[in-house]
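Everything on this sheet refers to the single structure shown next.
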Amino acid sequence: MHSTGNTDLPSAADAANRAATFEPMTNEDERPTITVAGVHAALYVDPASQQVRVSIDLDDTEPWLLRNDKDRTVPLRICVQGDVTFEG
């Protein structure tokens with residue numbers, strides 16, 4: 001198990017943000033995705049419902065970002081128009 005005890009979190013966060021990647025949709029089975037610190041976020045317009053959708057995959061999250069709780073959860077805050085709609 002990785003420890004966050006020796007990790008400089010502000011530096012790790014800055015490095016992760018600077019190393020963010022974007023993968024565009026290249027076929028019908030994919031969605032455009034941004035990856036930061038191993039967190040994959042897809043943001044796309046669903047053609048059937050005409051809704052903007054956001055999907056977040058946390059399986060590859062960098063160990064330094066995981067909480068030390070029993071489930072190793074990831075701190076997450078979602079804002080819409082500047083208002084926090086979810087925090088956990």
Side-chain angles (χ1 to χ4, degrees):
M1 183 180 299
H2 292 78
S3 170
T4 59
N6 295 328
T7 302
D8 177 4
L9 295 180
S11 293
D14 184 65
N17 290 334
R18 292 176 186 278
T21 60
F22 171 70
E23 296 293 331
M25 181 175 164
T26 59
N27 65 56
E28 295 303 314
D29 296 327
E30 298 175 347
R31 299 291 176 251
T33 304
I34 298 172
T35 301
V36 178
V39 174
H40 310 286
L43 172 69
Y44 60 97
V45 177
D46 180 272
S49 65
Q50 296 184 340
Q51 295 174 317
V52 173
R53 294 198 177 180
V54 179
S55 176
I56 300 174
D57 181 343
L58 303 172
D59 291 341
D60 297 327
T61 301
E62 292 291 332
W64 59 265
L65 192 52
L66 300 173
R67 290 186 176 126
N68 287 322
D69 55 14
K70 69 179 180 92
D71 295 322
R72 305 286 291 160
T73 58
V74 177
L76 185 64
R77 174 187 273 187
I78 299 172
C79 299
V80 177
Q81 293 291 100
D83 294 327
V84 177
T85 58
F86 174 84
E87 188 164 17

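Predicted, not measured: the structure shown is a model, and the values here were computed from it.
The two residues D57 and D59 come nearest to each other via the heavy atoms OD1-N, 2.9 Å. Residue R31 comes nearest to A42 through the heavy atom pair CB-CB, 4.0 Å, listed as atom of the first residue, atom of the second, then distance. Taking each heavy atom of D46 and A48 in turn, the nearest pair found is OD1-N, 3.0 Å.
A distance-only check finds no donor-acceptor pair linking the side chain of D14 to the backbone of P10 [under 3.5 Å]. Side-chain atoms of N27 come within 3.5 Å of backbone N or O of D29 as a donor-acceptor pair.
Contact annotation: the side chain of L66 approaches that of T61 to within less than 4.5 Å [non-hydrogen atoms, C-beta and beyond].
Under the 4.5 Å side-chain heavy-atom criterion for ILVMFWY residues, no single connected hydrophobic cluster contains both I34 and V45. Hydrophobic cluster membership is shared by L43 and V74, with clusters built from Ile, Leu, Val, Met, Phe, Trp and Tyr side chains linked at under 4.5 angstrom. Y44 is not connected to V52 by any chain of hydrophobic side-chain contacts under 4.5 Å among Ile, Leu, Val, Met, Phe, Trp and Tyr, and they are in different clusters. Under a hydrophobic clustering in which Ile, Leu, Val, Met, Phe, Trp and Tyr are joined whenever their side-chain heavy atoms come within less than 4.5 Å, directly or via other members, I78 and L58 fall into the same cluster. Hydrophobic clustering keeps V39 apart from V84 (ILVMFWY residues linked when any side-chain heavy atoms are closer than 4.5 Å, directly or through intermediates).
Distance CG/N68 to OG1/T73: 9.5 Å, rounded to 0.5 Å.
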List, one per line, each side-chain donor-acceptor pair under 3.5 Å for residues 19-26, sequence neighbours excluded.
residue : atom : partner : partner atom : Å
T26     : OG1  : E30     : OE1          : 2.5

